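The basis for the numbers below is simple: all heavy atoms, side chains too, and nothing from hydrogens, waters or symmetry mates. Predicted, not measured: the structure shown is a model, and the values here were computed from it.
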Amino acid sequence: MRIGLLIRLIVLAVLLVFLIHPDTFAGFFSLFTKPNQPPIYNQGSLLDITLNHLAIVLTATVASTLIAVGLAILVTRPFGAEFLPLSRSLANVGQTFPPVAVLALAVPMLGFGTAPTLVALFLYGLLPIFENTLTGLTNLPPAVTDAAKGVGMTGWQRLLKVELPLALPVILAGIRLSTVISLATATIGSTVAARTLGEVIIAGLTANNTAFVLQGGLIVGVLAVLIYDALSALERFLMARTGQLGRAAA
Amino acid sequence: MIEIDDITKTYGENTVVDRVSLVIDPGTICVIVGTSGSGKTTLMRMINKLVDQTSGAIRIDGEDIAGIPAYELRRRIGYAIQGHGLFPHRTVGQNIATVPKLLGWDKKRIADRVEELLTLFQLDPAQYRDRLPNELSGGQQQRVGVARALAAKPNILLMDEPYGALDPVIRAKAQEDLLAVQRQFETTIVLVTHDMEEAIHLGTKIAVMDKGQLLQHDVPQQIIANPATPFVAELIGSAERPFRLLSLGKVADHIEPGEVAGTPLDAGVTLRDAYAELLWSGRPALPVTRDGKVIGQVTLAQLARLAARPQ
C-alpha cells in the first residue's frame, strides 16, 4: 500500500512536470519522431488542453451524477416505483448510443465545440451511476431499513440519514466508472472541435507524428489511472467509515 | 394500555391475522408466541403501524392510533428487533440518540440520556459511546439496540425476536437485564417469540397464536395447566409441563424450616433450578441461603407437589 502510494505520487509529479515544462521530455519523445518533426506538441499549451479536458469531464460527470442519482432516488420511492422500467431504459439508451453517433446528431443542433461533447459524455455517464445508485439503495440490510422506519423517521429522513449514507460507497463506484469512461471518450470530442486531449492525438495522426499521439494518449491514460485509484481509495475510506467493510463490495 | 380490537390483516386471499382481540395492561410484559407464519409479528407490527390493518382498531391509552401519523406514533413506541438493526454508519451514541434527536431534545439532555442508558446496560460510556456497531460483540449490539428503543422513555416497547441471534448464555443475561429494566421503568412490553421457554420466563401474560388466530391469552400458570387447544399443549410440550411450572416459582417462596447438610442454594433461584440441584446432589433436601446466611431448607417432596398439575 505504501509503495503503491509512492509510485502514484511519483507518476503524478512526472505528469505535472511534463504538463508545465514539456520541453524537459523533448529528448525522450524525439525517439518517436521522424527527422524535422517537432517532438513536443506545438499547437497550444498541453497544460491548458489537459485542464480543459478535465473541466469537460468534470462538468459532464457532475451533471450525470445529479440526474442519475436523482432519478434513482425517485424510482426507489413508493410513488416513483412505476417509473423504474422507463428510467432504466432511458439510461440504457444513453449507454448503447455510440458517442460518435451522439456527437454527429448533436452537432446540427448545438453547433461545433464543447456543447455536443458535453451532451455525449453526460448521456454516456448516466447508466453506471444510475445502476449503482439503484443497487445501493435497494440492497440495504433489511433490519436497518426496518429499524429506520420503526424509530419514526419520515421518508426523507430515512433517505438522507440512513439510505444515502449507506449507499454512498456503491454510488461512488458508479461515479468512478463513469468518470474513467468519460476521460477516454472525451478525446473523441476533438473531432467536433472541443478542446480536449484528442486534439493532440488527432494532430499526431494527421501529421504522422507518433510523439504527439503518445503524448495525448499517455496523459489521458495516466489521468484515468490516478483518478480511478483516488476514487477507489475514497470508497474504501467510506466503507470503513460507514462500518460496511464486511459487506461485499458491489 | 394497548387495546387490540377485532384486528384482521389480509394480503389478497391470505388472512394473516384473523379477528384478534387482546388487551395488554400497562406495565406488563405480553409475550406473543407462535410458529413462523402464525401472524405474531404482523400483529405486533400493526401496533406501531409498520403494517396497516385491514379491519379493526388498535387503541393506546384509549386513543385510536388510526388518527396518529405513523412517524409520530413510532417515536412514542420503542422498537427492538432481531439482528438489532443498528445503523452501521453511526456510532453507538448516535444510534441511541436517534429518537431523542428526532423529537428535538436539546444536546445536553440527549448526551445525559445516552450516558444513562449505556451505564444501565453495563457499557462504559467513555469506552463505547464513539464506537461503530460493528466493533461490538453480538450481545453488546443487542443491548445497544434495546437502549436505542428505550432512549425517549417510551411507555411501550415492541420487541421482535430480540434474542433470536444470541447464544444461550448471553440470551439468559439479556433476559434478566430486560426484566430488571422493565421493573424499574414499568414499561409495557410486547415481545414476539417462537420460544415457549422464553415466553414463560418473561411473560406476565402469554398470547398464543396459530394460523392468524389468537388461541389463548392468559398468565403462564394457566397456559401450562389448562392449555386451550391441543396446539397450545403441543407448544408447551407435555413432557416439559412440570418443569415449566416449577420455573415460574422462586425458592424464596417455598422455604421450609430445618437444617440439612449439603451445598446451599440461594433463595433467588427458580424452583426448577433447585429441583435439578436436588436431583443431581442425590439428597432429599438442601439448605437455602439468603445473603450467605442459611434460612431454611427446600425439599424434594415439596417440589414434587408443586410440580403436579394445579387443581
Checklist entry - Looking at A:Glu163 and A:Arg77, does any basic side-chain N land under 4.0 Å from a carboxylate oxygen? => result yes
Item to check | A:Ser89 side chain to A:Pro85 backbone, donor-acceptor under 3.5 Å | outcome: yes
Checklist outcome for this item: If you tally heavy-atom pairs under 4.5 Å between each of A:Val144, A:Thr154, A:Asp146, A:Val162 and chain B, the highest tally belongs to A:Asp146
Next on the checklist: If the condition is side-chain contact (heavy atoms from CB on, under 4.5 Å), which residues does B:Ala174 pass it with, not counting sequence neighbours?
Outcome noted: B:Gln142, B:Tyr163, B:Leu166
Item to check | Proximal component of B:Tyr71, with respect to chain A [non-hydrogen, under 4.5 Å] | outcome: both
Checklist outcome for this item: Under 4.5 Å to a heavy atom of chain A? For B:Leu103 that would be neither
Next on the checklist: Taking every non-hydrogen pair under 4.5 Å, which of B:Arg90, B:Glu72, B:Arg76 racks up the most with chain A?
Outcome noted: B:Arg90
Checklist entry - Is the closest basic N to carboxylate O distance between B:Lys173 and B:Asp177 below 4.0 Å? => result yes
